[in-house]
Amino acid sequence: LPLTFILSGLVEAMLRPLLGWYDIRLIFLAALAASMILTRAVTGGFRDRALLLIALAFSPLNLIYFIAGRNDILIALLMLLTIFFFQRRKPVLAAIMLGLACSVKQTAWFTIPYLVLFIAGEGTLAERLKRAWWPGVAFGITFGALVLPWVIMNPAAFVEDTFLYLSGRMPTSYPIY
């Protein structure tokens, strides 16, 4: 999805003249560092923070993808920011972070229904819709502004890249075992 490429292009434009080289893993390293710092703000105590740090930075499941240069750590950072803003009762900012996460990778999409239910909370349907309205608008604008230009440019290529490639429905698909 486009945010990884947009962010990479911007960072490369800044870093290549300074360093003479660029590697997208510099972005992922910064995201890892920011995620590790953010764990203090989203966890209650030392034990929870330590477990989250282990899962983020030292889990072989994450470390392999980080070293290979895959963008999973960006999702982790953006989801931690989503949680951070939810904890501070800022659902619009949380929805913007979720919109950014969803414009990086499809795995973030699975959290949408749960977070909508969390935002809506309890009460009458009207009360729940009222609470979910502005966060929904913020999410839609964020996700739409980043993704819709790519959909409009080439809808068939977007569907192929976003859905068909990952679901194993093309001869060159990502291997699903």
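In what follows, residues are counted from 1 in the order of the sequence shown.
One hydrophobic cluster holds both L15 and L29 under the rule that ILVMFWY side chains link at heavy-atom gaps under 4.5 Å. Cluster annotation: L117 and L125 are assigned to distinct hydrophobic clusters (Ile/Leu/Val/Met/Phe/Trp/Tyr, side-chain heavy-atom contacts under 4.5 Å, transitive). A continuous path of Ile, Leu, Val, Met, Phe, Trp and Tyr side chains, each step under 4.5 Å between heavy atoms, connects V92 with I119, placing both in one hydrophobic cluster. Under the 4.5 Å side-chain heavy-atom criterion for grouping Ile, Leu, Val, Met, Phe, Trp and Tyr, Y114 is not connected to L100 through any hydrophobic cluster. Side-chain heavy atoms closer than 4.5 Å link hydrophobic residues (I, L, V, M, F, W, Y) into clusters, and following such links, even through other members, never connects V147 to F5.
For the atom pair CD1 of I54 and CZ of R49, the computed distance is 12.5 Å after rounding to the nearest 0.5 Å. Taking CG of L148 as the reference point, atom CE of M153 lies at 11.0 Å (rounded to 0.5 Å).
Counted within 6.0 Å of CH2 on W133, heavy atoms from surrounding residues, nucleotides or ligands total 12 or fewer; the atom is thus considered open. Annotation for R16: atom CZ counts as buried by contact number, over 12 foreign heavy atoms lying within 6.0 Å.
Side-chain contact between T4 and I24 is present, with at least one heavy-atom pair separated by less than 4.5 Å. You'll find the side chain of L63 stays beyond 4.5 Å of the side chain of F58, heavy atoms only. Counting heavy atoms from C-beta on, the side chains of L26 and W21 come closer than 4.5 Å. Counting only heavy atoms from C-beta outward, the side chains of I73 and L56 approach each other to under 4.5 Å. Contact of the L80 side chain with the L38 side chain is registered, since non-hydrogen atoms from C-beta on lie closer than 4.5 Å. In this structure the side chain of L115 reaches within 4.5 angstrom of the side chain of M79, judged on heavy atoms. Under the 4.5 Å side-chain criterion, counting only non-hydrogen atoms from C-beta, L78 is not in contact with L98. Contact of the R128 side chain with the R131 side chain is registered, since non-hydrogen atoms from C-beta on lie closer than 4.5 Å.
Here the rule is side chain to side chain contact (heavy atoms under 4.5 Å, CB included) with D48, and of T43, T39, V42 only T43 fits it.
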Checklist entry - Hey, mind stepping through Y22 and I27 against side-chain contact (heavy atoms from CB on, under 4.5 Å) and telling me if it holds? => result CA-CA 10 Å; Y22 171 74; I27 294 172; 3.1 Å; yes
Next on the checklist: Run D161 and L166 through side-chain contact (heavy atoms from CB on, under 4.5 Å) and show every step you take.
Outcome noted: CA-CA 7 Å; D161 184 57; L166 293 173; over 6 Å; no
Item to check | Worked check of side-chain contact (heavy atoms from CB on, under 4.5 Å) between V104 and N71 | outcome: CA-CA 8 Å; V104 170; N71 62 2; 3.4 Å; yes
Next on the checklist: L93 vs L81, test: side-chain contact (heavy atoms from CB on, under 4.5 Å). Steps then yes/no.
Outcome noted: CA-CA 9 Å; L93 291 174; L81 285 167; over 6 Å; no
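Side-chain N or O atoms of N154 include one that pairs as donor or acceptor with a backbone N or O of A157 at under 3.5 Å. Put simply, the side chain of R25 gets close to the backbone of I67: a donor and an acceptor are under 3.5 Å apart. Here the side chain of N62 pairs a donor or acceptor atom with the backbone of A55 at under 3.5 angstrom.
C102 and F139 get closest at one heavy-atom pair: SG-CE1, 3.9 Å. Closest non-hydrogen pair, T162 versus Q106, comes out as O-NE2, 2.7 Å. Taking every heavy atom of both residues into account, S103 and L146 meet most closely at OG-CD1, 3.3 Å. Minimum interatomic distance between E160 and M170 (heavy atoms only, all atoms of both residues): CG-SD, 3.1 Å. Smallest separation of non-hydrogen atoms from G69 and F28: O-CE1, 3.1 Å. In plain terms, the two heavy atoms of A108 and I75 that are nearest each other are CB-CD1, 4.4 Å.
Checked against a 6.0 Å centroid threshold, the rings of W109 and F163 count as neighbours.
Taking 4.0 Å as the cut-off between side-chain N and carboxylate O, D72 and R70 do not count as a salt-bridged pair.
The side-chain contact (heavy atoms from CB on, under 4.5 Å) test applied to V116 returns I112, not counting sequence neighbours.
Residue pairs meeting the ring-ring contact (aromatic ring centres under 6.0 Å, His included) criterion with at least one partner in residues 73-104, sequence neighbours excluded, are F86-F118.
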